[in-house]
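Every chain is numbered from 1, with letters handed out A, B, ... down the list of sequences. Being a predicted model, the structure only gives us computed values, none of them experimental.
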Amino acid sequence: MAERQIRVRFAPSPTGYLHVGGARTALFNWLLARRRGGVFVLRIEDTDRERSSEVMTRAILDGMEWLGLSWDEGPFHQADGVERHRRDALRLLEAGHAYRCFCTPAELESKRARAAGAQEAYRYDRNCLLRVSPEEAERRAAAGQPFALRCHVPEGVSAWEDVVHGRIEFANAEIEDFIVLRSDGTPVYNLAVVSDDLDMRITHVLRGDDHISNTPKQILLYRALGQEPPVFGHVPMILGPDGKRLSKRHGATAIGEYREQGLLPWALVNFLALLGWSPGTDEEIFDVPELIARFSLEGINKKSAIFDSQKLIWLNGQHLTRASAERLEPLVTERLVAAGIANADALRTRRAWVHGLIDLLKVRARNLDDIVRQARPYLAEAIDYEQEAVQKHWKHPAQVRQRLAALRQRYAGLERWDEQTLEAELRAVADELGTAAGKLIHPLRVSLTGMAVSPGIFEVLVTMGRELALRRLDAALAALERREREAPSSPDTVVPGAPPAA
RNA sequence: GCCCCCAUCGUCUAGUGGCCCAGGACAUCUGGUUCUCAGCCAGAAAACCGGGGUUCGAUUCCCCGUGGGGGUACCA
């Protein structure tokens, strides 16, 4: 029972970075291959030498690798197949499915302009098929007159059963005799694609909606070459928030930008998979292996989708919360080092502690930079106090300093340094001071982290460790003293319990 | 202009003739919980583009509009 192994491909043209639309197409192909035990081929369509570049090719490969979309064959370069493309074009000519066209681009352009002026649809008038005999064409070619090769489109309809749209058909009368080989001997896209897909024995072509109108032409070419076309599936496009085609002005569209922003590759994969595909249930958070297990062609939507970056950010936060510290460690470490907050060796020597820190911070982070930002107080010696935090919780420097000094003294004398002890002690101090625990907790948070938000204060204390915590407290006390001097008139004279001045 | 594709809350979507006066998620807004934030819990507001058919019955099927998108190259 030789059920043919599925072979799919992703064929980006290196004229730009890997963008979300391309990445999603690549993902669907990859998912299908992985799901069905097939082969995923990567082919760079660099036939357009003018606009293609090595740099972009590299960027696309990097993006694929980062997303984890590994290819089984390739990367192949379409430009390497030019000889074969040409041979296929010649086969078409010999078989009578193509003919030589001696019309010059300038002539064609003027005909097109005339048609446009008359509000008419322009289609090639078959001048060289109808008014140039095969013999004459032969002669002119031999004489060296340049010619392009055009596919002779037969009458009838070209249709196919699209795996996402169902049956789609085009009347061949709508399709002009398109050029397959330029007068300089280079192949045109549609021919090159068909030739390559045939050569690579591609069984399923999953690509963007924008290729629908190329499909009938390609089917014509398959047939003209005596081959059966593959299965086609046209996935909907991804649009910007305004419903227009996604472009730079919509913000980040290149995959690399999301990497820089500290997104998790598997979160982006999850998000992209859900854009245009649905598992048919209410579940939304999937790891890559689950995606492979669940993916199916039937779940692909017909409607184009708008890229909602807010949901992407939320999803990333979900994956961050669920990911193990083990898995996050290399990603976080890299950024911590890049930010100059810690050095790699130091982090390596206390991995268990680092893991604890990551587990502590990942819950309230939505991207890796959130973790890095929050991690600073635990790793660096000095911290900055955020303006807002200071204004809110260090409003009355003298009073705060007095309270924190009391706390510091008690903490310094502690035998144990665990959450229970630390909390009990703080509450005791608050009691003795005749104030609410919060009046101690918030200023303490500012003292330790410089921020108004952090994990539970006692967890912070424990993770930070006694020495560093006490040093921070000392630094805070000094800072508070400076503040008192700078603002001597600030209301330290406030009666305890009185509402703070606005 | 012509051809093609598409059409459920602001957004992503479930729904395949009755279970739907339409379910989930993001975002928004309430309230609760904790030392802050995140979270979590409870709740609110929010959609079947319009018109014709078909049918006992249409979000679901058909047609026509409308709207959006794509294509219309010796680009890919």
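- Checked against the 6.0 Å centroid criterion, the rings of A/Phe178 and A/Tyr124 do not qualify as a close aromatic pair.
- Residue-level contact check: A/Leu108 touches the bases, meaning some heavy atom is under 4.0 Å from a base atom.
- Spacing between B/U28 and B/U11 at atom C1', rounded to whole Å, works out to 12 Å.
- For B/U8 and B/G50, the C1' atoms lie 15 Å apart once the distance is rounded to whole Å.
- Counting non-hydrogen atoms under 4.0 angstrom, A/Ser13 reaches the backbone sugars and phosphates but no base.
- At a threshold of 4.0 angstrom between heavy atoms, the contacts of A/Pro455 include nucleobase atoms, whether or not backbone atoms are also involved.
- Checking the phosphate oxygens (OP1, OP2) of B/G71, a side-chain nitrogen or oxygen of A/Arg245 falls inside 4.0 Å.
- With C1' as the reference atom, B/A47 and B/G15 are 13 Å apart, rounded to whole Å.
- Taking only distance into account, the side chain of A/Ser213 never meets the base of B/C4 through a donor-acceptor pair shorter than 3.5 Å.
- Among the heavy atoms of the strands lying under 4.0 Å from A/Gly276 are primed sugar atoms or P, OP1, OP2 only; no base atom is included.
- Among the protein residues, A/Ala305 comes within range of the sugar-phosphate backbone only, with heavy atoms under 4.0 Å from sugar or phosphate atoms but none that close to a base.
- Note on A/Arg207: nothing from the nucleic acid sits closer than 4.0 angstrom, heavy atoms only.
- Residue A/Phe271 is tested with A/Trp277, A/Trp314, A/Phe307, A/Tyr258 for a ring-ring contact (aromatic ring centres under 6.0 Å, His included); the sole match is A/Phe307.
- Between A/Lys302 and B/C5 there is no side-chain N or O to OP1 or OP2 distance below 4.0 Å.
- Between A/Ala23 and A/Leu18, the shortest heavy-atom distance links the atoms N-CD1, 3.8 Å.
- If you check every strand for non-hydrogen atoms under 4.0 Å, A/Phe458 touches a base.
- Side-chain N/O atoms of A/Arg123 include none lying less than 4.0 angstrom from OP1 or OP2 on B/A73.
- Residue A/Cys101 is out of contact with every strand shown, counting any heavy-atom pair closer than 4.0 Å.
- A/Asp88 and A/Ser195 make their closest contact through OD2-OG, 2.6 Å (heavy atoms, listed as atom of the first residue, atom of the second, distance).
- Heavy atoms of A/Leu274 sit under 4.0 angstrom from primed sugar atoms or phosphate atoms, though from no base atom.
- At the phosphate of B/A14, OP1 or OP2 sits under 4.0 Å from a side-chain N or O atom of A/Asn301.
- Rounded to whole Å, the C1' atom of B/U59 lies 13 Å from the corresponding atom of B/G18.
- Note: CG (A/Asp308) to P (B/C12) measures 8 Å, nearest angstrom.
- Closest to the side chain of A/Glu174, out of B/C3, B/U13, B/G39, is B/C3.
- A cation-pi arrangement, defined by a distance under 6.0 Å to the six-membered ring centre and an angle within 45 degrees of its axis, is absent between A/Arg140 and A/Phe147.
- Separating the C1' atom of B/U55 from that of B/C63 is a span of 16 Å, rounded to the nearest Å.
- The shortest distance between the side-chain N/O atoms of A/Ser278 and the OP1/OP2 oxygens of B/A14 is below 4.0 Å.
- Nucleotides B/C9 and B/C29 have their C1' atoms positioned 15 Å apart, rounded to a whole Å.
- Annotation: B/C20 and B/A27 have their C1' atoms spaced 25 Å apart (nearest Å).
- Contact annotation: A/His393 does not reach the phosphate of B/U36 (side-chain N/O to OP1 or OP2, under 4.0 Å).
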Carefully, step by step, assess A/His234 and A/Thr215 under the rule side chain to side chain donor-acceptor pair (under 3.5 Å). CA-CA 10 Å; A/His234 292 89; A/Thr215 306; 3.0 Å; yes

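- Within the 4.0 angstrom heavy-atom criterion, base atoms lie near A/Ile457.
- Side-chain N/O atoms of A/Lys303 include one lying less than 4.0 angstrom from OP1 or OP2 on B/U8.
- A distance of about 10 Å separates the C1' atoms of B/U66 and B/G51, rounded to the whole Å.
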